[in-house]
Visitor: 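Structure provided below as structure tokens; questions to follow.
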Amino acid sequence: MFELLATDPECGARRGRMSLPHGTVETPAFMPVGTQGSVKTLHPAEVAELGAEMILGNTYHLWLRPGPELIREAGGLHCFAGWERPLLTDSGGFQVWSLARLRKITEEGVRFQSHLDGTPLLLTPERSMEIQAALGSDVAMLFDECPPYPCSRDYAAGSLALTTRWARRCKEWVDRHAPPSGTGRQHHFGIVQGSTWADLREQSARELVDLDLDGYAVGGVSVGEPEAAMLDAIDHAVPFLPAAKPRYAMGLGTPPQLLAMIARGIDLFDCVMPTRLARHGVAFTPDGPIHLKTRQFEHDHRPLCEAAHPHVAGFSRAFIRHLFRAGEILALRLLSFHNLHFYVRLMRQARQAIEAGSYRSFQQEFLSRYTPNHSP
RNA sequence: GGGUAGGUUCCGGAGCGGUCAAACGGGGCAGACUGUAAAUCUGCUGGCUCACGCCUUCGCUGGUUCGAAUCCAGCCCUGCCCA
């Protein structure tokens with residue numbers, strides 16, 4: 001299912017290919033986030049056109065609305081949402097963290113109160129797998145608990161152990177309900193937890209690897225931790241993950257962070273940043289992010305950047321600023337398209353650099369120009 | 001000409017004797033956003049110091065009062081109604 005095509009001689013960067021029921025994904029890859037089955041503001045054809053090969057959907061949100069039965073009835077999430085390429089579904093574990101005020105964690109699972117109408121709900125490892133099976137995603141994530149940052153070592157250790165027990169239950173459910181082989185089958189990734197402790201990350205990784213899953217993710221990042229802690233979490237987990245399987249850093253990150261994690265051997269990313277910031281008026285450029293709503297772009301008649309996709313290259317910064325101020329939906333669409341294209345293009349450049357054996361210099365060249373808080 | 005309702009900080013619009021530099025909304029200006037409860041959220045938005053504080057503002061001019069955007073008088077302007 002995962003083919004390792006090349007490894008950079010100077011760092012851990014890998015060039016790979018995932019073969020999934022709905023197509024292949026060249027890695028390193030970035031997955032746009034489509035929580036509700038839709039990458040916000042964009043038509044699936046546009047997401048495909050900007051170059052995304054795989055997107056992400058969310059179990060928790062699709063469970064609550066419209067419900068897995070309806071999606072199964074429609075022929076699965078691919079048919080229902082009009083996305084023909086590979087699709088990964090998150091397990092709902094992250095909502096345990098992000099909707100923390102409305103939940104209670106037990107051995108059995110997580111008792112939620114629906115954020116929509118307050119209905120009491122119970123999400124268990126088995127239920128998460130069952131829902132994801134109904135959604136028919138190419139990759140389903142095992143149900144995990146994502147601890148907050150910071151958290152005590154005791155909490156992290158207990159949380160990790162729970163995530164492992166839940167992972168075993170997920171695997172058991174899958175083994176009972178789905179055939180273990182077959183090219184069209186759903187694949188399953190485990191999620192390494194352990195917060196900021198190296199030994200806990202190692203323990204979590206080893207316990208999940210014992211389950212012989214199709215891929216492994218590093219979770220518990222993108223929860224407000226400093227960047228150094230984020231990179232450490234990756235470093236503490238990756239050495240214990242099998243080289244022959246894909247590695248996925250969940251919920252990350254900024255362009256420099258993505259390049260840093262690729263150098264550490266990560267193959268797969270997802271992040272709301274390009275789409276959310278787009279809707280909030282921020283465009284990514286090779287010089288760094290620019291806040292288009294600010295006055296400095298009032299008379300800026302240049303395109304967003306020289307690398308802009310033809311679909312957006314014809315629009316000036318001044319015009320897009322005008323669209324934002326006027327509350328026009330096109331502003332959100334143009335920047336969503338542009339930012340995702342920027343991310344996907346960055347991954348393509350990274351892949352080419354790895355193939356050429358020059359990933360380090362590519363990364364350095366990118367960083368030398370990119371200013372995190374850019375103001376021209 | 002008569003009657004009537006008003007004129008408030010960029011706009012709309014509260015306030016109707018002190019706790020008013022003046023609610024709230026809009027607009028404007030910044031900032032935040034990392035497995036999406038986010039086309040969202042937060043802050044600032046008279047001047048000077050930008051902390052305390054001080055100064056100048058609520059159509060204009062006078063007056064009452066310890067004290068007025070708030071009460072009184074005159075004037076100017078605007079909407080509506082009647083001639």
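Numbers restart at 1 for each chain; the letters A, B, ... are given by sequence-line order, proteins then strands.
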Visitor: Just the rounded figure in Å: distance from P of B:G31 to CZ of A:F324.
Guide: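 About 15 Å, once rounded to whole Å.
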Visitor: Is a side-chain N or O of A:K104 found less than 3.5 angstrom from the main chain of A:V110, in a donor-acceptor match?
Guide: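 Pair absent, no side-chain N/O of A:K104 close to backbone of A:V110.
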Visitor: For A:G16, does its backbone N or O pair with a side-chain atom of A:T27 as donor and acceptor, under 3.5 Å?
Guide: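 Present.
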Visitor: With a 3.5 angstrom cut-off on both distances, give the Watson-Crick or G-U wobble partner of B:A69, or none if there isn't one.
Guide: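 WC or wobble partner does not exist here.
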Visitor: Would you jot down, in residue-number order, the residues of residues 147-157 of chain A having a non-hydrogen atom under 4.0 Å from RNA chain B?
Guide: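 Contacting residues: none.
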Visitor: Between A:R201 (side chain) and A:A237 (backbone), is there a donor-acceptor pair under 3.5 Å?
Guide: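 A pair under 3.5 Å: no.
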Visitor: What integer number of Å spans the P atoms of B:U45 and B:A51?
Guide: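 Pairwise P distance, B:U45 against B:A51, rounds to 11 Å.
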Visitor: What are the residues of residues 107-138 of chain A, sorted by number, that bring a heavy atom to within less than 4.0 Å of RNA chain B?
Guide: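 Those residues are A:H115.
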Visitor: For the side chain of A:D144 and the backbone of A:I191, is there at least one donor-acceptor N/O pair under 3.5 Å apart?
Guide: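 Side chain of A:D144 to backbone of A:I191, a donor-acceptor pair under 3.5 Å: no, none is there.
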Visitor: Distance check needed: B:C33 C1' versus A:I290 CD1, whole Å only.
Guide: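 Answer to the nearest Å: 17 Å.
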Visitor: Under the 3.5 angstrom rule, does the side chain of A:E126 hit a backbone N or O of A:W173 as a donor-acceptor pair?
Guide: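 No; zero donor-acceptor contacts below 3.5 Å.
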Visitor: Using whole Å, what does the distance between atom P of nucleotide B:G28 and atom CD of A:E298 come to?
Guide: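 Whole-Å distance recorded here is 11 Å.
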Visitor: Among B:G28, B:C33, B:A37, find the nucleotide with the atom closest to the side chain of A:R325.
Guide: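 Between B:G28, B:C33, B:A37, the one nearest the side chain of A:R325 would be B:G28.
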Visitor: With no hydrogens and no angle check, is any side-chain donor or acceptor of A:Q132 less than 3.5 Å from a backbone partner on A:M141?
Guide: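 The answer is yes, because a donor-acceptor pair under 3.5 Å joins these two groups.
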Visitor: Output yes when a side-chain donor or acceptor of A:S204 lies under 3.5 Å from a complementary backbone atom of A:Q193, and no otherwise.
Guide: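 Pair found, side chain donor or acceptor close to backbone of A:Q193.
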Visitor: Suppose we define a pair by two distances each less than 3.5 Å, Watson-Crick or G-U wobble; what does B:U42 pair with here?
Guide: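 Partner of B:U42: B:A30.
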Visitor: Sort out the partner of B:U78 for me: Watson-Crick or G-U wobble, both distances under 3.5 Å, none otherwise.
Guide: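 Base partner found: B:A5.
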Visitor: Could you give the distance separating B:C48 and B:U40 at their P atoms, to the nearest angstrom?
Guide: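 Taking atom P in both B:U40 and B:C48, they lie 33 Å apart.
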Visitor: Using a cut-off of 4.0 Å on non-hydrogen atoms, how would the nucleic acid contact of A:N58 be classed: base, sugar-phosphate, or nothing?
Guide: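 Sugar-phosphate contact only - A:N58 comes under 4.0 Å of backbone atoms but never of a base.
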Visitor: For A:L64 and B:A37, what is the distance between atoms CG and C1' respectively, to the nearest whole Å?
Guide: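 It works out to 10 Å between those atoms.
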Visitor: Rounded to whole Å, please give me the gap between CE in A:M31 and C1' in B:U34.
Guide: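 After rounding, the gap between these two atoms is 14 Å.
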Visitor: Can you pull the side chain to side chain donor-acceptor pair (under 3.5 Å) pairs that have at least one residue in residues 341-358 of chain A, sequence neighbours excluded?
Guide: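 Pairs touching residues 341-358 of chain A that pass the test: A:R15-A:E355.
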Visitor: Side-chain N or O of A:S98 less than 4.0 angstrom from OP1 or OP2 on B:A37?
Guide: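 Yes, within the criterion.
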Visitor: Heavy atoms from C-beta onward define the side chain here; which of B:U34, B:C33, B:C29 lies closest to that of A:S222?
Guide: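 So the nucleotide nearest the side chain must be B:U34.
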Visitor: Can you list the residues that meet the side chain to side chain contact (heavy atoms under 4.5 Å, CB included) rule with A:S368, with sequence neighbours excluded?
Guide: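 Checked A:S368 against side chain to side chain contact (heavy atoms under 4.5 Å, CB included); zero matches.
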Visitor: Is A:I191 touching bases, backbone alone, or none of the nucleic acid, heavy atoms closer than 4.0 Å?
Guide: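 The residue A:I191 makes base contact.
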Visitor: Under 4.0 Å, counting only non-hydrogen atoms across every strand here, what does A:R103 touch: a base, just sugar-phosphate, or nothing?
Guide: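 Contact class for A:R103: none.
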Visitor: Please confirm whether the backbone N or O of A:H43 pairs with a side-chain atom of A:E46, one donor and one acceptor, at under 3.5 Å?
Guide: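 Yes; judged by distance alone, with no hydrogens or angles, the pair exists.
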Visitor: Can you sort out the partners of A:W197 under ring pair (Phe, Tyr, Trp, His ring centres under 6.0 Å), two or more places apart, ordered by chain and number?
Guide: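 Ring pair (Phe, Tyr, Trp, His ring centres under 6.0 Å) list for A:W197, sorted by chain: empty.
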Visitor: Give A:D90 one of three labels, base, sugar-phosphate or nothing, depending on what nucleic acid heavy atoms sit under 4.0 Å from its own.
Guide: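 A:D90: base contact, heavy atoms under 4.0 Å.
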Visitor: So, the side chain of A:S336 versus the backbone of A:L332: is there a donor-acceptor pair under 3.5 Å, distance only?
Guide: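 Confirmed, A:S336 side chain pairs with A:L332 backbone.
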Visitor: Please work out which residues in residues 247-263 of chain A have a non-hydrogen atom less than 4.0 Å from an atom of RNA chain B and list them by number.
Guide: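 Result for residues 247-263 of chain A: A:M250, A:G251, A:L252, A:G253, A:T254, A:Q257, sorted by number.
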Visitor: From C-beta outward on A:H291, which listed nucleotide comes closest to its side chain: B:A32, B:G35, B:A37?
Guide: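 The nucleotide sitting nearest to the side chain is B:A32.
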Visitor: Heavy atoms under 4.0 Å, any strand shown: does A:G220 hit a base, just sugar-phosphate, or nothing?
Guide: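 Since a base atom lies under 4.0 Å of A:G220, the category is base.
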Visitor: Of the listed nucleotides (B:G31, B:G35, B:C33), which one gets closest to any side-chain atom of A:T294?
Guide: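 The nucleotide sitting nearest to the side chain is B:G31.
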Visitor: Taking CE from A:M54 and C1' from B:G35, how many angstroms apart are they, rounded to a whole number?
Guide: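 That distance rounds to 13 Å.
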Visitor: For B:C24, which nucleotide in any strand shown is its Watson-Crick or wobble partner with both distances under 3.5 Å?
Guide: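 Result: B:G12.
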Visitor: Show which side-chain atoms of residues 318-330 of chain A pair as donor or acceptor with protein atoms under 3.5 Å away, not counting sequence neighbours.
Guide:
| from | atom 1 | to | atom 2 | distance (Å) |
| --- | --- | --- | --- | --- |
| A:R321 | NH1 | A:K293 | O | 2.9 |
| A:R321 | NH1 | A:T294 | O | 3.2 |

Visitor: Between B:U56 and B:C72, how far is it from one P atom to the other, in whole Å?
Guide: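 That atom pair is separated by 26 Å.
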Visitor: Write out all pairs satisfying ring-ring contact (aromatic ring centres under 6.0 Å, His included) with one or both partners inside residues 209-247 of chain A, taking only residues at least two apart or from two chains.
Guide: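 As it turns out, there is no ring-ring contact (aromatic ring centres under 6.0 Å, His included) pair with a partner in residues 209-247 of chain A once direct neighbours are skipped.
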Visitor: Round to the nearest Å and state the distance from A:R295 atom CZ to B:C44 atom C1'.
Guide: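 These atoms are roughly 14 Å apart.
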Visitor: Filter on side chain to side chain donor-acceptor pair (under 3.5 Å), then keep only pairs touching residues 62-87 of chain A, sequence neighbours left out; what's left?
Guide: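 Applying side chain to side chain donor-acceptor pair (under 3.5 Å) to every pair that reaches into residues 62-87 of chain A, excluding sequence neighbours, yields A:H22-A:H78, A:H78-A:D138.
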Visitor: Starting at the 5' end of RNA chain B and moving along, which residue's nearest nucleotide shows up first, A:E225 or A:Q36?
Guide: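 Here A:E225 is the residue nearer the 5' end.
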Visitor: Please report, rounded to the nearest Å, how far the C1' atom of B:G35 is from the CG atom of A:L87.
Guide: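 Atom CG in A:L87 sits about 14 Å away from atom C1' in B:G35.
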Visitor: Taking atom C1' in both B:G62 and B:C11, compute the distance separating them and give it to the nearest angstrom.
Guide: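 Pairwise C1' distance, B:G62 against B:C11, rounds to 31 Å.
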Visitor: What contact category does A:V223 fall into here, base, sugar-phosphate, or nothing, at under 4.0 angstrom with non-hydrogen atoms?
Guide: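 It contacts nothing in the nucleic acid.
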Visitor: Please set out all donor-acceptor pairs under 3.5 angstrom arising from side-chain atoms of residues 257-276 of chain A, sequence neighbours excluded.
Guide:
| from | atom 1 | to | atom 2 | distance (Å) |
| --- | --- | --- | --- | --- |
| A:Q257 | OE1 | A:T254 | N | 2.9 |
| A:Q257 | OE1 | A:T254 | OG1 | 3.4 |
| A:Q257 | NE2 | A:E227 | OE1 | 2.9 |
| A:R264 | NE | A:D235 | OD1 | 3.0 |
| A:R264 | NE | A:D235 | OD2 | 3.1 |
| A:R264 | NH1 | A:A260 | O | 3.1 |
| A:D267 | OD1 | A:R14 | NE | 2.9 |
| A:D267 | OD2 | A:R14 | NE | 3.4 |
| A:D267 | OD2 | A:R14 | NH2 | 2.8 |
| A:D267 | OD2 | A:R247 | N | 2.8 |
| A:D270 | OD1 | A:Y248 | OH | 2.6 |
| A:D270 | OD1 | A:G251 | N | 2.8 |
| A:T275 | OG1 | A:V272 | O | 3.0 |

Visitor: Test of understanding: with side chain to side chain donor-acceptor pair (under 3.5 Å), list the residues that count as partners of A:R153, not counting sequence neighbours.
Guide: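 In terms of side chain to side chain donor-acceptor pair (under 3.5 Å), with neighbours along the sequence ignored, A:R153 is linked to A:D199.
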Visitor: Report, one pair per line, the protein and nucleotides 39-42 of chain B atoms (nitrogen or oxygen only) whose separation is under 3.5 Å.
Guide:
| from | atom 1 | to | atom 2 | distance (Å) |
| --- | --- | --- | --- | --- |
| B:A39 | OP2 | A:R279 | NE | 2.7 |
| B:A39 | OP2 | A:R279 | NH2 | 3.2 |

Visitor: Look at all strands and tell whether A:Q193 reaches a base, only sugar-phosphate, or nothing, counting heavy atoms closer than 4.0 Å.
Guide: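 Result for A:Q193 = base.
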Visitor: From the options B:G35, B:U36, B:C33, select the nucleotide whose nearest atom is closest to the side chain of A:T275.
Guide: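 Nearest listed nucleotide: B:U36.
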